*Asks:* 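For reference, the structure I am asking about is given below.
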Amino acid sequence: MFHILRNMKVKDRWLALLCLVLVCGQVFFDLRLPDYTAEITVLISSEVTKLSEYFIAGGKMLGCALCSALFTVVVGYISAMIAANFSSDVRGKLFNKVTSMGSGDIKKFSTASLITRTTNDITQIQMIIAMGLQMMLRAPIMAIWAIIKIIGKSWQLSTVVASAVVIVVGSLIVLLVIMIPKFRIVQKQIDDVNRMTDENLTGIRIVRSFNAEKYQEDKFETANQNLMRTQLFTGRGMAFLTPIMMLVQSCVSVAIYYVGAWLINDIDIPLNGTMAEIMTAISDRSTMLGDVVSFSSYALYVIMSFVMLLMIFMLLPRAQVSAKRINEVIDSDITVKEGTETDYNETGSIVFQDVSFRYPDAAEDCLKHISFSAKKGETVAFIGATGSGKSTISALAARLYDTTEGTVLLDGKDITSYNFETLYSKIGYMPQKATLFANTVKGNVTFGKYGQSMTDEDVDKALDIAQATEFVQAMENGKESWIAQSGSNISGGQKQRLSIARAVARKPEILIFDDSFSALDYKTDSVLRQRIQKDLKGTTCLIVAQRIGTIRNADKIIVLDDGVIAGIGTHDDLMKNCSVYQQIALSQLSADELAGNA
């Protein structure tokens, strides 16, 4: 908790110090009220009291109450501002941390968990800061100050208050020992509910096509019930403490007045004494009555202080858990670290030098001693069985991961030496799963920093190359038509074509297609590749594909088999020399197609 609070801005620290000063002033005026109450009580007991004295004492009480109210409003405003500023800063740091992570780093945390940490967990921190600056500062100051003011007035009355404090603290400790483990469980269960909600929404088509609605409902209901039971347990436990506090508070008031009456009754009025003795006794009784009244108020302030601490302690354990979860993300190591290089020796070349790669926590390497080169303007294709490492090569080329062994050279320099802006300005990457954003067609094509300078002509050309012009023009608003989140309102092939248009529009040096033609029909696939070769001359292309027809005209085809290179060459060369490629080709194409007649 304190590890994350130390990141508070200097301005907010000064505001927090101002809160402390204002809280001290607030407590000072609050604790003056019992003194004036005692003064009025003594005045009432006195036979010779001017009416103006009541107004003066009452005016002082009103002034203290107004000053305390003013300070309370100011402290509430400042604390809310500090909490909002702090949560905004932490949310920004958390978001920036997540966006700077590599694919392997993100897999350490689930998507649902990262969403919970960015929203619910930070809300818990914001709440504890907002309330803490008001109550956590005020409660101990008020309790200590009130105890100091009542010490020495009456050991009998002090014993009553001390007994009440022991009961309150004991109840609080027992409750927290029981509740803290449950608060840790709550946040994890919120992760589970978020994860299942995300799965149901993103996989709704699969759920319906397999008639799995009831199955998913039961899974969600189990997670939801677990969360509900845990929150009911913590809520009931904390609710149980409130009546205890009220009971203790009421019992203390009754005990103080009972003991006070006993103490007042012990002051004898000597009926046979002199007038001076009688007046002294009456004055002592009036003073004791005033002390009992003020003591009762001070005792309630002490109890109230512990009630305020209780409210903080109800939030603190959960906030501590949230702070730990946030720090886990912020303090996590980033494996793909940014370099500093901005200059390069050549343009559009990429070289793998004896590259091996192993995914985190994997038992063995999925790529072993891979070496190849792609010169400027060349098209290099990768093919192989599922799990042979094709997509991993494309991920290493786009630096989504760093190699376990060996080096990837981009334009003659180690790919890890480039800063991210320089690196990704060179690369256009299309992953296996096309990702579109909730935006217009044009907004998706011009996505990112480099899209801001694109003209309508640039967008039209990119859509034309990607074979997306026809279906975009058929939409109601053309390029201004709205694309739903993840492209859920268009087909898979249309999503792939818009994704390709987005990459092509940037005119990068290197285009990486990670099985990005899988949803396209053969004709569209063929025309699209021809347009790329024609309109993007000089652009280096790395193509991962499952179909021979997609890659047969590549300058170089690399055949992968269980993470190693089984063959390199053109289609004709591999048909003569590579048995793995021959098996793939024969499983997909007829003899006429292999002979080039189709």
Side-chain angles (χ1 to χ4, degrees), residues 89 91-107 114 118 329-330 332-353 355 357 374-377 391-403 406-431 433-437 439 442-455 458-459 461-462 465-466 498-514 516 532 536 538-542:
D89 293 339
R91 188 175 287 111
K93 289 181 180 178
L94 191 61
F95 181 82
N96 291 334
K97 180 74 174 188
V98 172
T99 54
S100 66
M101 288 179 172
S103 299
D105 301 323
I106 291 178
K107 289 179 180 178
L114 288 174
T118 310
V329 179
I330 294 178
S332 62
D333 293 329
I334 296 178
T335 54
V336 179
K337 297 180 180 179
E338 185 173 12
T340 59
E341 193 68 59
T342 57
D343 298 325
Y344 39 91
N345 302 327
E346 48 193 88
T347 302
S349 69
I350 188 164
V351 178
F352 275 53
Q353 294 181 339
V355 169
F357 178 74
K375 298 178 182 179
K376 176 180 174 62
S391 293
T392 303
I393 288 181
S394 69
L396 292 174
R399 213 198 163 195
L400 301 181
Y401 296 93
D402 281 338
T403 63
T407 307
V408 177
L409 299 180
L410 181 66
D411 289 345
K413 292 188 177 181
D414 191 333
I415 195 172
T416 61
S417 66
Y418 289 103
N419 68 21
F420 289 147
E421 182 175 357
T422 301
L423 174 64
Y424 294 117
S425 66
K426 294 171 169 290
I427 296 174
Y429 177 66
M430 282 69 65
K433 182 180 179 181
T435 301
L436 298 179
F437 299 89
N439 204 334
K442 180 180 178 181
N444 272 282
V445 174
T446 60
F447 179 77
K449 174 181 177 182
Y450 299 98
Q452 298 173 3
S453 59
M454 292 181 189
T455 63
D458 294 329
V459 175
K461 183 175 181 180
I465 293 173
L498 287 182
S499 179
I500 292 170
R502 180 173 58 202
V504 167
R506 293 177 53 198
K507 301 175 183 177
E509 298 175 11
I510 300 173
L511 283 171
I512 302 174
F513 299 96
D514 184 4
S516 305
I532 289 176
L536 299 177
T539 301
T540 306
C541 293
L542 303 183

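A quick note: this is a predicted structure, and the numbers were derived from the prediction, not measured.
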*Asks:* Minimum heavy-atom separation for A462 to A505, with atom names?
*Replies:* CB-CB, 3.6 Å

*Asks:* Might you point out which heavy atoms bring I465 and V504 nearest each other, and give the distance in Å?
*Replies:* CD1-CG1, 3.9 Å

*Asks:* Mind checking what makes ring-ring contact (aromatic ring centres under 6.0 Å, His included) contact with F352, not counting sequence neighbours?
*Replies:* F372

*Asks:* Residues in side-chain contact (heavy atoms from CB on, under 4.5 Å) with V459, at least two apart?
*Replies:* K442, V445, T446, L463, K479

*Asks:* So, taking the atom named OG1 in T407 and the one named CG in L396, what distance separates them when rounded to the nearest 0.5 Å?
*Replies:* 11.5 Å

*Asks:* Going by the rule side-chain hydrogen bond (donor to acceptor under 3.5 Å, both in side chains), which residues pair with D402 if we only count those two or more places apart in sequence or in a different chain?
*Replies:* R399

*Asks:* Between the side chain of T540 and the main-chain N/O of G377, is any donor-acceptor distance below 3.5 Å?
*Replies:* yes

*Asks:* Which heavy-atom pair separates A374 from L542 by the least distance, and what is that distance?
*Replies:* CB-CD2, 4.0 Å

*Asks:* Go through the structure and list residues passing side-chain hydrogen bond (donor to acceptor under 3.5 Å, both in side chains) with K376, not counting sequence neighbours.
*Replies:* none

*Asks:* In Å, rounded to the nearest 0.5 Å, how long is the span from CE of M454 to NZ of K507?
*Replies:* 8.5 Å

*Asks:* Looking at residues at least two apart in the chain, or sitting in another chain, which of them share a salt bridge (charged side-chain N to carboxylate O under 4.0 Å, His left out) with E341?
*Replies:* K413

*Asks:* So, using side-chain contact (heavy atoms from CB on, under 4.5 Å) as the criterion, who are the partners of T455 when residues are at least two apart?
*Replies:* E457, D458

*Asks:* Of all the heavy-atom pairs spanning D514 and S391, show the shortest one and how long it is.
*Replies:* OD1-OG, 2.9 Å

*Asks:* As an exercise, state the distance from CG of L94 to CG of D89, rounded to the nearest 0.5 Å.
*Replies:* 12.5 Å

*Asks:* Under the side-chain hydrogen bond (donor to acceptor under 3.5 Å, both in side chains) test, which residues partner K426, sequence neighbours left out?
*Replies:* D411, E509

*Asks:* Just wondering, do S332 and K97 contact through their side chains at under 4.5 Å, heavy atoms?
*Replies:* yes

*Asks:* Indicate yes or no: at least one non-hydrogen side-chain atom of T539 is less than 4.5 angstrom from one of I532.
*Replies:* no

*Asks:* Measuring from L498:CG to L436:CG, what's the distance to the nearest 0.5 Å?
*Replies:* 5.5 Å

*Asks:* If the condition is salt bridge (charged side-chain N to carboxylate O under 4.0 Å, His left out), which residues does D414 pass it with, not counting sequence neighbours?
*Replies:* none

*Asks:* Taking ring-ring contact (aromatic ring centres under 6.0 Å, His included) as the definition, give me every residue that meets it alongside F447, ordered by chain and number, with sequence neighbours left out.
*Replies:* F437

*Asks:* To the nearest 0.5 angstrom, please state how far the CG atom of L400 sits from the CD1 atom of I512.
*Replies:* 8.0 Å

*Asks:* Give me the atom names and distance for the closest heavy-atom approach of A397 to I427.
*Replies:* O-CD1, 3.6 Å

*Asks:* Between T118 and V98, is there a side-chain heavy-atom distance shorter than 4.5 Å?
*Replies:* no

*Asks:* About how many Å separate OG of S425 and CZ of F420, when rounded to the nearest 0.5 Å?
*Replies:* 13.0 Å

*Asks:* Tell me, do T342 and E421 make a side-chain contact under 4.5 Å, heavy atoms counted?
*Replies:* no

*Asks:* Within the 4.5 Å heavy-atom criterion, are I415 and L423 side-chain neighbours or not?
*Replies:* yes

*Asks:* Can you name the residues that form a side-chain hydrogen bond (donor to acceptor under 3.5 Å, both in side chains) with N419, not counting sequence neighbours?
*Replies:* T422

*Asks:* Taking side-chain contact (heavy atoms from CB on, under 4.5 Å) as the test, write out the residues that go with S516, two or more places apart.
*Replies:* M430, F513

*Asks:* Going by the rule side-chain contact (heavy atoms from CB on, under 4.5 Å), which residues pair with P431 if we only count those two or more places apart in sequence or in a different chain?
*Replies:* Y429

*Asks:* What pair of heavy atoms forms the shortest contact from G412 to S349, and how long is it?
*Replies:* N-OG, 3.9 Å

